[in-house]
Number of protein chains: 2
Amino acid sequence: MHTCAPMWVVAVIPMGGRMPVTIKDIARVAGVSHTTVSRALKGNPAISIETTDRIRKIAQQMGYTPSAVAQSLLSQRTQTIGMVITTIADPFVVRVVEGVEGVAQAADYSVFLATSHNNPNQENAVVETLHRRRVDAIIVTSSRVGSLYSSRLEQIKIPIVLINNQEEGEYLHSIRSNDIQGARLAVEYLLGLGHRRIGYLGCTNRPRSNQRRLSGYQAALQQAGIQPDPNLIANVAADTDIERGKAGFHLYAQAGATAVFCFNDLTAIGLMMEARRQGVAVPAQLSVMGFDNIEAAMYVTPPLTTVAQPLLELGRQAMQMTLALLDGKLVHDIRLPCTLVERESVAAPGR
Amino acid sequence: MHTCAPMWVVAVIPMGGRMPVTIKDIARVAGVSHTTVSRALKGNPAISIETTDRIRKIAQQMGYTPSAVAQSLLSQRTQTIGMVITTIADPFVVRVVEGVEGVAQAADYSVFLATSHNNPNQENAVVETLHRRRVDAIIVTSSRVGSLYSSRLEQIKIPIVLINNQEEGEYLHSIRSNDIQGARLAVEYLLGLGHRRIGYLGCTNRPRSNQRRLSGYQAALQQAGIQPDPNLIANVAADTDIERGKAGFHLYAQAGATAVFCFNDLTAIGLMMEARRQGVAVPAQLSVMGFDNIEAAMYVTPPLTTVAQPLLELGRQAMQMTLALLDGKLVHDIRLPCTLVERESVAAPGR
DNA sequence: TTGTACGCGTTATCAA
DNA sequence: TTGATAACGCGTACAA
């Protein structure tokens, strides 16, 4: 009697359950113990070549993928890191995330994204969640808090790397760009063009960075023999960076600045928008300098002259530092220099 | 004999190992079984009030956090989803991620971020990694491939939600904005202002969306009794959207368009940059219309008139759909309408 | 060369 | 009211 079963059906592989296939499933099909399967898949030389091949073939056909969950439970390592950010809506953050993710992926680490919305409670909550998930390390960007949950972080004994953090901490590792040097760079450039009445438009929600940039600004002025004028310095509280920038227009209108150095690019863009609305030409009547070099800085009119923070590099090195820490290595904090990006929003002061 | 032990030291709580504390550690300290600890922490009414309180206090002091890894192994659920994106550098993607993450966090899900760089191999690799980590579901944005790994996705029997995907798939769920309607909206607006020679500046790396927007463009023209002129249609291959936009300037220069509808905002911005460089005024001589309504569209000069894709909403609803699927509910694909955002890069054609 | 037994941290079942 | 035991998927020490 002739059946229709084709020659090449060697074994009937049962599939179609909802659960992922495990080494036990493979073991059952292959007629060996799950231990043998485990060894075969890892290329353990103790297992005969034929068995290994056979098992691998079956595993492939059954679409087997090892469970990182089970492996983690055993190894006490999840190959996972948590990235705590204020909000992904911040273009500053985006580049940093990009840097972290790239290095992480290359090192076979996966990244949990967790946003805190600059809210201390939520920041505590996400840290707690990450710990529950047993991430191997945590990277935090631009946190205001730090001190708040520090006692908790003492208990969670995993590497913590802070990027441009606003608080100091003993047991934490940090990496940041050199705000002071960056601010000096900006102001020296303006001075070099002949500006004497230079404004500083700062913020209130990132006190530490703001303070550093202000210091750099003041240092550059003093070195040039100019006494900083308080009227030319404004730390504006506002809902958004753009709003802050618009609100800072008085530095030109009232205080008579010929150039304004802004806390960040979005603030600078806001200032330029307000200037245009008021019919003030940038840079002919007012020079505007940003900080960060976000992507949009290239596209605005005029293209924004700014201080570039090495955002991508900040993220990359943060992840590299994390890997080093996970490797048990000693690391020292890192401060990356900023660079000036000359575009068209700054010119010599009008006569 | 008098010892120095102070009265208030009720128990010596051993701490300071590198491993996180487990319920067994707590059980040892409390002098009960780990089962009791588990029950007490979960508020099981079988455990006496005092024992429960005592155990909870100890757990707190020891800084206990349950291991999601162990819980996942048992429950076969990780409360985790994977988000596959091309690159976080795309402002389009950023908003979508924001939407997904917000809803996920509220539902107590964590999000793995995985970038594919629009590279099919890497896309396969990240899907494999996510499966290894036993994510409960996967959300993919703007994938070109889809078909490539579909056979693999058949084996991984978890919900897959595609956002603005470029390929069709049977067993996949999808959510996207209505490209055709959005494009019609744009072109009808231009027609209403009196434009007759309207260009379309498209791309090659997002064939499906591009085709849909082109269709909408053509439909609007035909409905107005205008035969689409092939010279006014350009699908430009370029490294970046900005480059594509610059390259599309010939639609004005050679083909004599009075308005150009661009595939996306960055393309439109590139076109405006080139126009400015060539001394062509936007919108006086050339109207430029974008698509997406990314953040930068507000800041460029002139502010870009564009079609808003509901990016945040796309992300939100994708995650909500995912939650519904995880809940075993039936869902149907979603198409969200686009809206027109009038700004200043479009005007009536010059006489 | 292969299999058995145990443990990772947690929950569920059954027994006391 | 509490405890012992098994199980989730995997890897490893030890035994055969």
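Every chain is numbered from 1, with letters handed out A, B, ... down the list of sequences.
Closest-nucleotide positions on DNA chain D for A/T22 and B/V32 were compared, and the one nearer the 5' end corresponds to B/V32.
Partner B/T65 forms a side chain to side chain donor-acceptor pair (under 3.5 Å) with one of A/E128, A/R132, A/R134 and no other, that one being A/E128.
Within 4.0 Å (heavy atoms only), B/T51 reaches sugar-phosphate atoms of the nucleic acid but no base atom. Within the nucleic acid shown, B/T35 comes within 4.0 Å of at least one base atom, counting heavy atoms only. A/V69 comes within 4.0 angstrom of no nucleic acid atom, judged by non-hydrogen atoms across all strands.
Put simply, B/S33 has a side-chain N or O that comes within less than 4.0 Å of OP1 or OP2 on D/dG3. An OP1 or OP2 oxygen of D/dG11 is reached within less than 4.0 angstrom by no side-chain nitrogen or oxygen of A/S75. Taking 4.0 angstrom as the limit, B/Q71 places none of its side-chain polar atoms (N or O) nearer than this to OP1 or OP2 of D/dC8.
The stretch residues 37-45 of chain A touches DNA chain C through A/R39, each having a heavy atom within less than 4.0 Å of the strand.
Between B/I88 and A/E101, every side-chain heavy-atom pair lies at or beyond the 4.5 Å cut-off. You'll find the side chain of A/D136 reaches within 4.5 Å of the side chain of A/Y109, heavy atoms only. You'll find the side chain of B/I85 reaches within 4.5 Å of the side chain of B/L113, heavy atoms only. Between B/V140 and B/N165, every side-chain heavy-atom pair lies at or beyond the 4.5 Å cut-off.
Between the side chains of A/S110 and B/R133, at least one donor N or O lies within less than 3.5 Å of an accepting N or O.
The CD atom of A/Q79 sits 15 Å away from the C1' atom of D/dC10 (whole-angstrom rounding). The distance from atom CG of B/L74 to atom P of D/dA7 is 12 Å, rounded to the nearest whole Å. Atom pair B/I23:CD1 and D/dT5:C1' shows a separation of 14 Å (rounding to whole Å applied). Rounded to an integer number of Å, the gap from CG of A/D25 to C1' of D/dC10 is 13 Å.
When all heavy atoms are compared, the tightest approach of A/T115 to A/V126 is O-CG1, 3.7 Å. Residues A/T87 and B/E98 come closest through the heavy atom pair OG1-OE2, 4.3 Å. When every heavy atom of B/S33 is checked against every heavy atom of B/A27, the shortest pair comes out as C-CB, 3.7 Å. A pairwise comparison of heavy atoms in A/P20 and A/D25 identifies O-OD2, 4.1 Å as the closest pair.
If you walk DNA chain C from 5' to 3' and mark each nucleotide with an atom closer than 4.0 Å to a heavy atom of chain A, the marks span C/dT1 to C/dG9.
A rotation axis mapping the C1' atoms of four pairs onto the next four is fitted at both ends of the helix from C/dT1-D/dA16 to C/dA16-D/dT1 over five pairs, and the angle between these axes is 50° to 10 degrees.
Using a 4.0 Å cut-off between charged nitrogen and carboxylate oxygen, B/R56 and B/D53 do not count as a salt-bridge pair.
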